[in-house]
Amino acid sequence: MQAWGDDQGIAGSFITFMGDPARELTSALDMEMNHPGPPSVGIINRCKRHALHVVDGTVKAVRVSEGEDDPAGDSDPSATLADAFLKIVK
């Protein structure tokens, strides 16, 4: 996550990238992908594409990019992209 943050230039900003290698947060947030899609895609138990606005430990907003035939939100990730998300956190 550190390398990704460095690459994206988030140092000193309000953005925090966090990893979840044991899926503890993913499970607690009920964000596990359980779509039966092709096994070769490797989506079972991965984390859904989502964005959280958290202030002092309180979740203020949650957005998930997913569709019935697009559990990973690849076709339309707009709900979790910066432009859309910043509109709801202001």
Side-chain angles (χ1 to χ4, degrees):
M1 298 307 298
Q2 180 67 43
W4 188 20
D6 291 345
D7 179 68
Q8 298 302 305
I10 66 167
S13 76
F14 65 92
I15 297 170
T16 302
F17 287 170
M18 301 175 74
D20 186 25
R23 295 188 339 243
E24 293 170 354
L25 182 60
T26 299
S27 295
L29 293 171
D30 195 26
M31 290 289 173
E32 290 181 327
M33 278 195 276
N34 293 312
H35 191 276
S40 63
V41 177
I43 61 173
I44 301 299
N45 294 325
R46 286 185 45 205
C47 189
K48 294 178 182 181
R49 182 187 310 260
H50 69 282
L52 300 173
H53 180 227
V54 181
V55 177
D56 296 327
T58 301
V59 176
K60 301 288 187 175
V62 178
R63 294 295 182 266
V64 180
S65 290
E66 66 180 335
E68 188 173 320
D69 294 325
D70 183 24
D74 293 332
S75 294
D76 183 14
S78 61
T80 56
L81 297 180
D83 288 342
F85 204 73
L86 287 173
K87 289 176 185 173
I88 64 170
V89 300
K90 288 186 174 186

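- Side chain of Thr80 to backbone of Pro77: a donor-acceptor contact under 3.5 angstrom is found.
- Applying the side chain to side chain contact (heavy atoms under 4.5 Å, CB included) rule to Val62 yields the partners Met31, Leu52, Val59, Val64; only residues at least two apart in sequence or on another chain are considered.
- Of the listed residues (Asp83, Leu81, Val89), just one forms a side-chain contact (heavy atoms from CB on, under 4.5 Å) with Phe85, and that residue is Val89.
- Defined by atom type and a distance below 3.5 Å, a donor-acceptor pair is missing between the side-chain atoms of Thr58 and Asp56.
- Residue pairs that meet the salt bridge (charged side-chain N to carboxylate O under 4.0 Å, His left out) test with at least one member in residues 57-70, sequence neighbours left out, are Lys48-Glu66.
- In this structure, Cys47 SG and Arg23 CZ are separated by 10.0 Å, a value rounded to the nearest 0.5 Å.
- Placement of Phe14 and Trp4 within a single hydrophobic cluster is found when ILVMFWY residues are connected by side-chain heavy-atom separations under 4.5 Å, directly or transitively.
- The nearest pair of heavy atoms linking Ser78 to Ser65 is N-OG, 4.0 Å.
- In terms of the side chain to side chain donor-acceptor pair (under 3.5 Å) criterion, residue partners of Gln2 (sequence neighbours excluded) are, by chain and number, Asp6.
- Other members of the cluster containing Met18 do not exist, because no ILVMFWY side chain is joined to it at under 4.5 Å.
- Residues passing the salt bridge (Lys or Arg N to Asp or Glu O under 4.0 Å) test with Asp74 are Arg49, sequence neighbours excluded.
- Note that CG of Leu25 is 5.0 Å distant from CG of Asp20, once rounded to the nearest 0.5 Å.
- Qualifying side chain to side chain contact (heavy atoms under 4.5 Å, CB included) partners for Ile15, counting only residues two or more places apart in sequence or in other chains: Ile10, Ser13, Phe17.
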Q: Output, in order, the C-alpha distance, side-chain angles, deciding distance and verdict of salt bridge (charged side-chain N to carboxylate O under 4.0 Å, His left out) for Arg46 and Glu32.
A: CA-CA 6 Å; Arg46 286 185 45 205; Glu32 290 181 327; over 6 Å; no

